Number of protein chains: 2
Amino acid sequence: MTEGVEWALHSCLNLTWSEPGQAVSAARLAAFYQLPTAYLNKQLQALVRAGILSSTSGPRGGFRLARAAEAITVLDVVVAIEGPEEAFRCEQILRQGPGGRGDVDYRQVCLVSQTMRRADLAWRRELAGQTLADLRATVQQRYPDTPGNTRDRFTAPLT
Amino acid sequence: MTEGVEWALHSCLNLTWSEPGQAVSAARLAAFYQLPTAYLNKQLQALVRAGILSSTSGPRGGFRLARAAEAITVLDVVVAIEGPEEAFRCEQILRQGPGGRGDVDYRQVCLVSQTMRRADLAWRRELAGQTLADLRATVQQRYPDTPGNTRDRFTAPLT
DNA sequence: GCGCCTTTACTCGGATAAGTAATGTCCGAGTCTGTCAGG
DNA sequence: CCTGACAGACTCGGACATTACTTATCCGAGTAAAGGCGC
């Protein structure tokens, strides 16, 4: 799995604490963890295309959550970065095997494929059960200073 | 996920039907699905290193299951090919963040990491719940000719 | 006829290239803001 | 003093290198079997 998933999740979580209506630039988000700004920007673009973030150009521009944190699951973010296809891609090698037929969709029939798909669904179910709001709530409860500190970082000069 | 997983799973399943004590060469296993022999051989080597298969050199040599099909889970095969590390690797970017401490293992503390780990465990649990014997039994029940056909292919000349 | 040695062919195993995707970087298009001039 | 146009700077967005990894291939070491030779 690509590294951008970690960046995207933490960045989205940070955006959770931004003032409503306030956009945060990619440079500020990158400064949090000393990430390469341009590359993080690339990941954020993917989140915009997925409808998770909205972007604004120009001064005071940047990114913000496109919808409420309660309506954004961890799976949404992962899918936006990694793409919708599942990790195991069935190449239907059974078609080349003995008795293999070209008119059969072995992604549905093949037991190996089914097993892998079932595991993939379990994985997705876990990730879909956690929203950004859940993460935010737990972090706030455990580290009460985080919301304030994050907001300060969003408004402080970049150095 | 790499393509070799699919090859390895189908090859192991085929080996399930080989006569006890009979080894099957990589060339024969590759011929099943018209796979590149040398590359499949590479994957099989990984299975040998993982203790799933045992190999024999020389004429009448090849691969066979190192233990009973009941004792080989799908997860075993996947781990042998893909490696033991989980898909999401936490780079602990929180260390570079505000209040980040170098003496904390954020792979344990970070909520994002915990969420991804929980999903990974669910995925592994599914795969660990299926053994090669389970797959074999279902295939045999659904296609009763498969065991015989497979054995025939293992003994027939290679053309 | 039987046993041993040699040769032969077959197998795995690791070392070595080619192709592809992830990672990282750069510059241009668009836009908002702040300023300055004019009424 | 207010309004409007303009210049400037900041931001995203996509196009372009670089690196790592997957995929693919090749040749050598080892081994078991088969055949021939001697006893």
Side-chain angles (χ1 to χ4, degrees), chain A residues 1-8 11 15 18 21-31 33-50 52-64 66 78 80-83 85 87-89 91 93 154-155 157-159, chain B residues 1-8 11 15 18 21-31 33-50 52-64 66 78 80-83 85 87-89 91 93 154-155 157-159:
Chain A
M1 179 173 310
T2 180
E3 189 181 6
V5 171
E6 187 178 7
W7 302 0
S11 295
L15 281 175
S18 71
Q22 181 191 8
V24 183
S25 73
R28 283 181 186 280
L29 289 170
Y33 309 111
Q34 301 173 25
L35 304 175
T37 302
Y39 191 33
L40 176 63
N41 191 23
K42 195 179 174 64
Q43 315 289 354
L44 297 176
Q45 284 173 34
L47 295 176
V48 171
R49 278 192 295 271
I52 295 173
L53 300 184
S54 68
S55 61
T56 312
S57 288
R60 311 286 294 171
F63 298 90
R64 73 196 75 185
V78 172
I81 302 293
E82 288 290 296
E85 58 278 352
F88 177 84
R89 60 202 151 126
E91 296 289 346
I93 64 175
F154 281 159
T155 52
L158 267 182
T159 66
Chain B
M1 182 174 308
T2 180
E3 188 181 6
V5 171
E6 187 178 8
W7 302 0
S11 295
L15 282 174
S18 72
Q22 182 191 7
V24 183
S25 72
R28 283 182 186 281
L29 288 169
Y33 309 112
Q34 301 173 26
L35 304 175
T37 302
Y39 190 33
L40 175 64
N41 191 21
K42 195 179 175 63
Q43 316 288 352
L44 297 175
Q45 285 173 34
L47 295 176
V48 171
R49 279 193 294 271
I52 296 173
L53 301 184
S54 68
S55 62
T56 312
S57 287
R60 312 285 294 168
F63 298 89
R64 73 198 73 185
V78 172
I81 302 293
E82 289 290 297
E85 58 279 350
F88 177 84
R89 58 201 153 125
E91 296 289 346
I93 64 175
F154 282 158
T155 53
L158 267 182
T159 66

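Being a predicted model, the structure only gives us computed values, none of them experimental. A, B, ... follow the sequence lines: proteins, then strands. Residue 1 opens every chain.
Side-chain N/O atoms of B:Thr2 include none lying less than 4.0 angstrom from OP1 or OP2 on D:dC21. Contact annotation: B:Gln45 side-chain N/O to C:dG14 OP1/OP2 distance is under 4.0 Å. A sub-4.0 Å separation between OP1 or OP2 of D:dG13 and a side-chain N or O of A:Ser55 is present.
Within 4.0 Å (heavy atoms only), A:Arg64 reaches no atom of the nucleic acid at all. If you check every strand for non-hydrogen atoms under 4.0 Å, A:Pro36 touches sugar and phosphate atoms only. Nucleic acid contact for B:Ala23: none, since no nucleic acid atom lies under 4.0 Å from a heavy atom of the residue.
Panel note: side chain B:Glu6, backbone A:Glu91; a donor-acceptor pair is recorded below 3.5 Å.
Side-chain proximity of B:Pro59 to the nucleotides D:dT31, D:dG13, C:dT31 is greatest for D:dT31. Nearest nucleotide to the B:Tyr39 side chain, out of C:dC26, D:dT22, D:dA9: D:dT22. Here the nucleotide nearest the side chain of A:Arg49, chosen from C:dG13, C:dT31, D:dG14, is D:dG14. Closest to the side chain of A:Ala26, out of C:dT23, D:dT23, D:dC12, is D:dC12. Looking at the side chain of B:Ala38, the nearest of the listed nucleotides D:dC10, C:dT23, D:dC26 is D:dC26.
Residues A:Lys42 and A:Arg60 both approach DNA chain C. Their nearest nucleotides, taken by heavy-atom distance, put A:Lys42 toward the 5′ side.
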